[in-house]
Amino acid sequence: MSGSNGAKENSHKKARTSPYPGSKVQRSQVPNEKVGWLVEWQDYNPVEYTAVSVLAGPRWADPQIRNPAGRTGLVGRGLLGRWGPNHAADPIITRWKRDKSGNKITHPISGKNILQFVAIKRKDCGEWAIPGGMVDPGEKISATLKREFGEEALNSLQKSSAEKKQLEEQLHKLFSQEHLVIYKGYVDDPRNTDNAWMETEAVNYHDETGEIMDNLSLEAGDDAGKVKWVDISDKLKLYASHAQFIKLVAEKRDAHWSEDSETDCHGL
């Protein structure tokens, strides 16, 4: 049997016969010289077919890969690398907004303390977002959270060895403390298709005194165009489902969210 570099005249022959077994389905004709995947063939348009017996979902068959939230109007993987769920991690780093004397600032209408989080401006779409990213194969979520925050909000990839060591010490203090898992699951993301979609774990690391983050200078890096501290409120316009995650953080921390007391931190 030949590999992907091409096919001998008599190889890969039965796999091109029609009709397909147990059906009347006719394959698209594939000439010998165009069997190999490395041979360019822009007009290749194969027939799609899955037997009814397989679609019925017997135990020995893989389940159909369908977006759990429903149709999106697009099949394939789009920009996503994996069929099915593509896993990301979103670190939400927060602190209390304080005045020059170090006192917490409360919102004049809600009477609640104002929470701030580190936001980045994405290079790909220009929207403000949580500085998260994709989980690498075999990587633990906790490692992804710390790595992505360092790369996008602190520009760790461009630091010297000495700077990286100092940065790692401060990040360890921040990411080793008690934290809140804000959300875990499907994300309403513009990259989603019928066959591939984003799932994330959003985790809040809160710097109660602000001392840890005072020793870290925000600097945009990797996929981020800008980075800054942003006041949390219902006026935020953020990428994908990020505003929902931020609202949950405000609720968990009993912080200001809305000037309307009736809608302040009640659900999504």
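Index from 1, following the sequence. Nothing here was measured: the structure is a model prediction, and the numbers come from that model.
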A.B. asks: Please name all residues satisfying side-chain hydrogen bond (donor to acceptor under 3.5 Å, both in side chains) with T94, sequence neighbours left out, ordered by chain then number.
C.D. replies: N204, H206
A.B. asks: What pairs meet the side-chain hydrogen bond (donor to acceptor under 3.5 Å, both in side chains) rule with one or both residues in residues 120-130, with sequence neighbours excluded?
C.D. replies: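 Non-adjacent pairs meeting side-chain hydrogen bond (donor to acceptor under 3.5 Å, both in side chains): R122-D124.
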A.B. asks: Once rounded to the nearest 0.5 Å, what's the spacing between atom CZ of R16 and atom NZ of K14?
C.D. replies: 13.0 Å
A.B. asks: Side chains of W229 and V118: does their closest heavy-atom pair fall under 4.5 Å?
C.D. replies: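 Touching, per the 4.5 Å side-chain cut-off.
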A.B. asks: Quick one: side chain to side chain contact (heavy atoms under 4.5 Å, CB included) partners of E139, sequence neighbours excluded?
C.D. replies: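 By the side chain to side chain contact (heavy atoms under 4.5 Å, CB included) rule, E139 matches V135, D136, A143, T144, R147.
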A.B. asks: If I take atom CG from residue L115 and atom NZ from residue K112, how far apart are they, to the nearest 0.5 angstrom?
C.D. replies: 11.5 Å
A.B. asks: Apply side chain to side chain contact (heavy atoms under 4.5 Å, CB included) to S217 and list each qualifying residue two or more places apart in sequence or on a separate chain.
C.D. replies: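 None.
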A.B. asks: Is there side-chain contact between W257 and E251, with heavy atoms separated by less than 4.5 Å?
C.D. replies: no
A.B. asks: Could you pull out all residues at least two apart from K100 that satisfy salt bridge (charged side-chain N to carboxylate O under 4.0 Å, His left out)?
C.D. replies: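 Not a single residue meets the salt bridge (charged side-chain N to carboxylate O under 4.0 Å, His left out) criterion with K100.
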A.B. asks: Determine whether D234 and K247 satisfy the following criterion, salt bridge (Lys or Arg N to Asp or Glu O under 4.0 Å), listing intermediate values before the conclusion.
C.D. replies: CA-CA 7 Å; D234 62 350; K247 183 177 183 180; over 6 Å; no
A.B. asks: In chain order, what residues pass the side chain to side chain contact (heavy atoms under 4.5 Å, CB included) check against D62, with sequence neighbours excluded?
C.D. replies: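 For D62 there are no side chain to side chain contact (heavy atoms under 4.5 Å, CB included) partners, ignoring immediate neighbours.
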A.B. asks: When rounded to the nearest 0.5 angstrom, what is the spacing between CD1 in I130 and CG in L238?
C.D. replies: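 Reported to 0.5 Å precision, the distance equals 7.0 Å.
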A.B. asks: Looking at M198, is its backbone amide N or carbonyl O close enough to the side chain of N86 to form a donor-acceptor pair, meaning the two atoms are under 3.5 Å apart?
C.D. replies: no
A.B. asks: Are a donor atom and an acceptor atom from the side chains of E40 and Q42 found within less than 3.5 Å of each other?
C.D. replies: yes
A.B. asks: My understanding is that a hydrophobic cluster links ILVMFWY residues whose side chain heavy atoms are under 4.5 Å apart, including indirect links. Using that, what else belongs to the cluster containing W60?
C.D. replies: V54
A.B. asks: Can you confirm whether W41 sits close enough to P31 that some side-chain heavy atom of one is under 4.5 Å from a side-chain heavy atom of the other?
C.D. replies: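 W41 vs P31: side chains touch.
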A.B. asks: State plainly whether one hydrophobic cluster holds both V249 and W96, where clusters connect Ile, Leu, Val, Met, Phe, Trp and Tyr through side-chain heavy atoms under 4.5 angstrom apart.
C.D. replies: yes
A.B. asks: Other residues, nucleotides and ligands only: do more than 12 of their heavy atoms fall within 6.0 Å of CZ on R82?
C.D. replies: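 No - once you tally the heavy atoms of other residues, nucleotides and ligands closer than 6.0 Å, there are 12 at most.
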A.B. asks: In this structure, which one of D90, V227, I120 forms a side-chain contact (heavy atoms from CB on, under 4.5 Å) with P131?
C.D. replies: I120
A.B. asks: Which of parallel (below 30°), tilted (30 to 60°) and perpendicular (above 60°) describes H107 and H256?
C.D. replies: parallel
A.B. asks: Can you confirm whether more than 12 heavy atoms, excluding those of K252, are under 6.0 Å from its NZ atom?
C.D. replies: no
A.B. asks: Side-chain heavy atoms under 4.5 Å apart, restricted to Ile/Leu/Val/Met/Phe/Trp/Tyr: what other residues fall into the cluster of L74, or is it alone?
C.D. replies: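 For L74, no cluster forms, as it stays isolated from other hydrophobic side chains.
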A.B. asks: Is it true that E211 and K173 make a salt bridge, defined as a side-chain N closer than 4.0 Å to a carboxylate O?
C.D. replies: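 Answer for the salt bridge query: no.
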A.B. asks: About how many Å separate CG of L174 and CD of E169, when rounded to the nearest 0.5 Å?
C.D. replies: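 Spacing of CD (E169) from CG (L174) equals 14.0 Å.
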A.B. asks: At what distance, to the nearest 0.5 angstrom, does NE2 of H179 lie from CD1 of I93?
C.D. replies: 11.0 Å
A.B. asks: Holding to side-chain hydrogen bond (donor to acceptor under 3.5 Å, both in side chains), I want the full list of residues that pass it with E201, two or more places apart in sequence or in another chain.
C.D. replies: none
A.B. asks: Test your reading of the model: is there a side-chain donor-acceptor pair from N192 to the backbone of V187, 3.5 Å cut-off?
C.D. replies: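 Yes, the answer is positive, given that a donor and an acceptor are paired below the 3.5 Å cut-off.
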A.B. asks: Once side-chain hydrogen bond (donor to acceptor under 3.5 Å, both in side chains) is applied, do any residues pair with D194, and if so which ones, sequence neighbours excluded?
C.D. replies: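 So D194 forms a side-chain hydrogen bond (donor to acceptor under 3.5 Å, both in side chains) with T72.
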A.B. asks: Take a 6.0 Å sphere around CG of L79 and say whether it holds more than 12 heavy atoms from other residues, nucleotides or ligands.
C.D. replies: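 Not more than 12 within 6.0 Å, no.
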A.B. asks: With sequence neighbours excluded, what pairs up with S156 under the side chain to side chain contact (heavy atoms under 4.5 Å, CB included) test?
C.D. replies: E151, L167
A.B. asks: Once rounded to the nearest 0.5 Å, what's the spacing between atom CD1 of I114 and atom CZ of R95?
C.D. replies: 12.5 Å
A.B. asks: By salt bridge (charged side-chain N to carboxylate O under 4.0 Å, His left out), which residues pair with E219, not counting sequence neighbours?
C.D. replies: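 If we apply the salt bridge (charged side-chain N to carboxylate O under 4.0 Å, His left out) test to E219, skipping adjacent residues, the hits are K159.
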